[in-house]
Participant: 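My questions all concern the structure below.
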Amino acid sequence: MREPEPAVIRAASAGDTRAFEQLVRDHQLHVWRFLRRFLGDDALAEDITQETFVRVYTKLDSFTFQAKFTTWMFQIARNAAIDALRSRERQKRIVEASRMSAPAPVVAPPDLRMELQAALDSLPPNLRTPLLLVEVLGLRYREAAEVLGVPEGTVKSRVFHARQQLHRWSAEADKVHDDRGVLGEV
């Protein structure tokens, strides 16, 4: 992912709509991909991508060039996503409080992409986010640390623990698959 020229950022901050449109065009897909993995919901990721760029636009004059623009932008995206998740959780609690219903059974998805998403969804957000930043977006640990506002060592530790949990998840899924195969033959 390429960093925008400082002149483009300054122009956008000064109100140049073409410069801001260029920032959006250059980074929109990267932000959406991050949010899609973070949130696990394509439509919500689209909405939060738009929200991210609204926030970028309103906060652009506070960008101080002390960090990479993309790092700053991903921090905004992450914060917008967390806000959306909190809002969704509040809405769920309200709906659940108004009516009691049995949870839907979990069915293992047949498609590998769906399995990967399920594996990522099984991670808590504090492990999923650093993993996505480092492994999917290709940020360096230092850059991911800036996005998350934590020390670099914390990012390394969280990525390590996320990988461990994914390995355990995969081993458990393989065991369930093997057990079903044995039972199917009996």
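Residue indices begin at 1 and follow the sequence shown. Since this is a predicted model, take the numbers as computed values, not measurements.
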Participant: Determine, step by step, whether Asp61 and Arg10 satisfy the salt bridge (Lys or Arg N to Asp or Glu O under 4.0 Å) criterion, reporting the C-alpha distance in whole Å, the side-chain angles of both residues, the deciding distance to 0.1 Å, and the verdict.
Facilitator: CA-CA 8 Å; Asp61 59 344; Arg10 285 188 184 93; over 6 Å; no

Participant: How far apart are the C-alpha atoms of His27 and Phe53, what are their side-chain angles, what is the distance that settles it, and do they pass the ring pair (Phe, Tyr, Trp, His ring centres under 6.0 Å) test?
Facilitator: CA-CA 10 Å; His27 297 93; Phe53 285 104; 7.6 Å; no

Participant: With the threshold set at 4.0 Å, does a side-chain nitrogen-carboxylate oxygen contact exist between Asp42 and Arg33?
Facilitator: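 A salt bridge is absent here (no side-chain N lies under 4.0 Å from a carboxylate O).
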
Participant: Check Pro130 against Val155 and note the closest heavy-atom contact, atom names and distance.
Facilitator: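 Smallest heavy-atom distance, with atoms named: CB-CG1, 4.2 Å.
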
Participant: Test question: given the 4.5 Å side-chain rule for I, L, V, M, F, W and Y, name all other residues clustered with Trp32, or answer none.
Facilitator: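 Direct or chained contacts put Trp32 with Leu29.
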
Participant: Salt bridge or not for Arg36 and Asp41, using N-O below 4.0 Å?
Facilitator: no

Participant: Can any side-chain N or O of Thr129 pair as donor or acceptor with the backbone N or O of Asn126 at less than 3.5 Å?
Facilitator: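 No; judged by distance alone, with no hydrogens or angles, the pair does not exist.
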
Participant: Could you see if Leu120 belongs to whatever hydrophobic cluster contains Leu39? Use Ile, Leu, Val, Met, Phe, Trp, Tyr and a side-chain cutoff under 4.5 Å.
Facilitator: yes

Participant: If the plane angle is over 60° it's perpendicular, under 30° parallel, otherwise tilted; pick one for Tyr57 and Phe20.
Facilitator: perpendicular

Participant: Within this structure, what is the CZ-CG distance for the pair Arg37 and Leu35, rounded to the nearest 0.5 Å?
Facilitator: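 The CG atom of Leu35 is 12.5 Å from CZ of Arg37, to the nearest 0.5 Å.
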
Participant: Of all the heavy-atom pairs spanning Ile76 and Thr52, show the shortest one and how long it is.
Facilitator: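 Looks like CG2-O, 3.8 Å.
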
Participant: So, His30 versus Phe74, ring centres under 6.0 angstrom or not?
Facilitator: no

Participant: Thr49 and Gln28: side chain to side chain donor-acceptor pair (under 3.5 Å), yes or no, with the steps?
Facilitator: CA-CA 7 Å; Thr49 299; Gln28 184 174 14; over 6 Å; no

Participant: Any non-hydrogen side-chain atom of Lys68 less than 4.5 Å from a side-chain atom of Glu143?
Facilitator: yes

Participant: Main chain of Ala80, side chain of Glu51: is a donor-acceptor contact present, judged purely on distance under 3.5 Å?
Facilitator: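 Here the side-chain-to-backbone pair does not exist.
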
Participant: I'd like to check the side-chain hydrogen bond (donor to acceptor under 3.5 Å, both in side chains) partners of Arg2; sequence neighbours left out, ordered by chain and number.
Facilitator: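 Checked Arg2 against side-chain hydrogen bond (donor to acceptor under 3.5 Å, both in side chains); matches are Asp26.
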
